[in-house]
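All heavy atoms count here, side chains included; hydrogens, waters and symmetry mates do not.
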Amino acid sequence: MEKRGRGTKPSPSPVPPAQPSPGPRRDRRPSMFEKEAFISSSHLSPLQYAQILRERLRDSFHDVQYVEPPFDDSIADIGKEWKSALAKLKFANSYRMEPLKKFQAHSVETKVQQILMEHLKDVKYDDKLFSHLSLELSDRILSAVKEFGYHRYKFIIKVLFIQKTGQAINIASRWIWDVAWDSWVEAKHETESYVALALVFALYCE
């Protein structure tokens, strides 16, 4: 029988160190393209659900090539709003090698000349004003040329303002040209202090 000394206490057994308790587990946020995301959101109103879709689309870093149809008929109308923005349009090959309507330089030249006359009738030379006016005229000429309806044509517009100080100037442009369908137009408006030159290049793209 083991004897114990008076006033002595038995040595305590070693206790393993306490480990930190794991924190609450965070559930993974369902993707907007998973079926569970649509089911869990079925109790939301259409406006709330549309707001969730917009936030998830704004935070997404992936390029969406295809979107599955909605899983619930109640959100079919909301799906049309964002699905139409993500859908990729595909066109059948028409096998056309020529434009439906060839670029008519004479009619375009008349229209561009009219635009220059209307906007520069009483304008005097001002280098600060012309820096903005050249961009504005380019946009107006481009919109007017597009109204002619020349399909498959790309247009390049250049508007130049040249002050008259007794100098000579040469303006040249060089392009890879298709003599069959490509064309260009020049329109000029001249005053005592400056010359306004507008160039329109029409390039046919198959």
Side-chain polar contacts of residues 133-141 - donor-acceptor pairs under 3.5 angstrom, sequence neighbours left out - could you list them?
from: Ser134; atom 1: OG; to: Phe130; atom 2: O; distance (Å): 3.1
from: Ser134; atom 1: OG; to: Ser131; atom 2: O; distance (Å): 3.2
from: Glu136; atom 1: OE2; to: Arg140; atom 2: NE; distance (Å): 3.4
from: Glu136; atom 1: OE2; to: Arg140; atom 2: NH2; distance (Å): 3.4
from: Ser138; atom 1: OG; to: Ser134; atom 2: O; distance (Å): 2.8
from: Arg140; atom 1: NE; to: His119; atom 2: NE2; distance (Å): 3.3

Side-chain donor/acceptor of Tyr153 to backbone N/O of Trp181, under 3.5 Å: yes

Which atom names give the shortest non-hydrogen contact between Ser173 and Lys158, and what distance separates them? OG-NZ, 4.1 Å

Go through the structure and list residues passing side chain to side chain donor-acceptor pair (under 3.5 Å) with Gln167, not counting sequence neighbours. Thr165

Are Val123 and Leu129 close enough that some pair of their side-chain heavy atoms sits under 4.5 Å apart? yes

Find out whether Lys164 and Glu192 are in side-chain contact, i.e. whether some heavy atom of one side chain is under 4.5 Å from a heavy atom of the other. no

Looking at every heavy atom in both His151 and Pro99, which two are closest together, and how far apart are they? O-CB, 4.4 Å

Are any of the side-chain heavy atoms of Tyr125 and Thr191 separated by less than 4.5 Å? no

For Gln163, what residues pass the side chain to side chain donor-acceptor pair (under 3.5 Å) criterion, not counting sequence neighbours? none

Which atom names give the shortest non-hydrogen contact between Ala198 and Val112, and what distance separates them? CB-CG1, 3.9 Å

Looking at Lys101, I'd like to know if its NZ atom is crowded, meaning that more than 12 non-hydrogen atoms belonging to other residues, nucleotides or ligands lie closer than 6.0 Å. yes

When rounded to the nearest 0.5 Å, the distance separating NE2 of His189 from CD1 of Ile115 is 13.5 Å

Indicate yes or no for a side-chain donor-acceptor contact from Tyr150 to the backbone of Gln104 under 3.5 Å, with no hydrogens or angles considered. yes

Asn93, CG atom: more than 12 neighbouring heavy atoms under 6.0 Å: yes

In terms of side-chain heavy atoms, does Gln114 have a donor or acceptor partner in Glu118 at a distance below 3.5 Å? yes

Transitive ILVMFWY cluster of Leu203 at side-chain heavy atoms under 4.5 Å: who else is in it? Ile156, Leu160, Ile162, Ile169, Ile171, Trp175, Trp177, Val179, Trp184, Leu197, Leu199, Phe201

Minimal non-hydrogen separation, Tyr194 against Leu120, with atom names: OH-O, 3.6 Å

Would you compute the distance between atom CG of Leu100 and atom CZ of Arg152 and round it to the nearest 0.5 angstrom? 7.0 Å

With sequence neighbours left out, the residues meeting salt bridge (Lys or Arg N to Asp or Glu O under 4.0 Å) with Glu186 are none

Which residues satisfy the salt bridge (Lys or Arg N to Asp or Glu O under 4.0 Å) test with Lys111, sequence neighbours excluded? none

